[in-house]
Amino acid sequence: MAGTTSGRTPVAVVRALDGLGRDVTTWRKLRHLTVEQVADRAGLGRSTVLRLEAGQGASLENLLRVARALGVLDLLTKALDPYATDVGRLRADEELPTRVRARGAGR
């Protein structure tokens, strides 16, 4: 049923969290920064950065704060640019709808 959740995190999301955590750790080490330094620069607690690095999730804001502290915020935000994809470029001239409804809803 649309709109319901099972409460379980999908496997693909768990893998993405794990991969992002490893990537954050790698960026931190490439920058020769400690967890404490990243936490301080991001305005977060050490435990928040450690949870993010462990792939245990974090709020979007905290991820962006850490990315900014690591100097990779632009890379992360550009990764979601829809017009940097083939589909986005093909549809760039189309007018985006103001609202999107589920297909078949109310019919």
Side-chain angles (χ1 to χ4, degrees):
M1 178 193 280
T4 61
T5 59
S6 65
R8 282 193 263 151
T9 305
V11 172
V13 173
V14 171
R15 287 184 183 140
L17 284 168
D18 187 52
L20 283 171
R22 283 192 312 271
D23 291 345
V24 166
T25 302
T26 301
W27 274 112
R28 178 178 59 76
K29 290 177 179 180
L30 286 170
R31 301 280 195 229
H32 300 286
L33 295 170
T34 65
V35 171
E36 291 79 10
Q37 288 171 315
V38 172
D40 185 55
R41 291 177 183 194
L44 301 170
R46 180 180 184 275
S47 62
T48 299
V49 175
L50 287 172
R51 279 195 313 274
L52 180 62
E53 288 190 358
Q56 296 173 353
S59 71
L60 180 57
E61 179 181 348
N62 288 347
L63 173 61
L64 296 176
R65 284 173 172 259
V66 169
R68 180 178 171 268
L70 295 171
V72 296
L73 180 59
D74 287 344
L75 289 172
L76 185 58
T77 56
K78 286 178 183 172
L80 288 176
D81 179 1
Y83 297 111
T85 67
D86 291 341
V87 171
R89 283 189 295 272
L90 286 171
R91 297 193 171 172
D93 294 333
E94 293 180 17
E95 186 175 328
L96 293 177
T98 55
R99 293 179 60 181
V100 177
R101 294 184 182 182
R103 294 178 189 235
R107 293 182 190 177

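- Looking at residues two or more places apart in sequence or on another chain, you find a side chain to side chain donor-acceptor pair (under 3.5 Å) between Q37 and T34.
- Scanning all heavy atoms of the two residues, the minimum distance from T85 to G88 falls at OG1-N, 3.0 Å.
- Membership of the apolar cluster around Y83 extends to L96, as traced through chained side-chain contacts below 4.5 Å between ILVMFWY residues.
- Applying the salt bridge (charged side-chain N to carboxylate O under 4.0 Å, His left out) test to residues at least two apart or on different chains, the pairs with a partner in residues 74-88 are D86-R89.
- Judged as a salt bridge (charged side-chain N to carboxylate O under 4.0 Å, His left out), the pairs with a partner in residues 39-54 (not counting sequence neighbours) are, in order, R28-E53, E36-R46.
- Remark: R22 pairs with D18 by the salt bridge (charged side-chain N to carboxylate O under 4.0 Å, His left out) rule, at least two apart or across chains.
- Other residues sharing the hydrophobic cluster of V24, ordered by chain and number and joined by side-chain separations under 4.5 Å: W27, L30, L33, V35, V38, L44, V49, L50, L52, L60, L63, L64, V66, L70, V72, L73, L75, L76.
- Counting only residues at least two apart or on different chains, the salt bridge (charged side-chain N to carboxylate O under 4.0 Å, His left out) pairs with a member in residues 54-67 are E61-R65.
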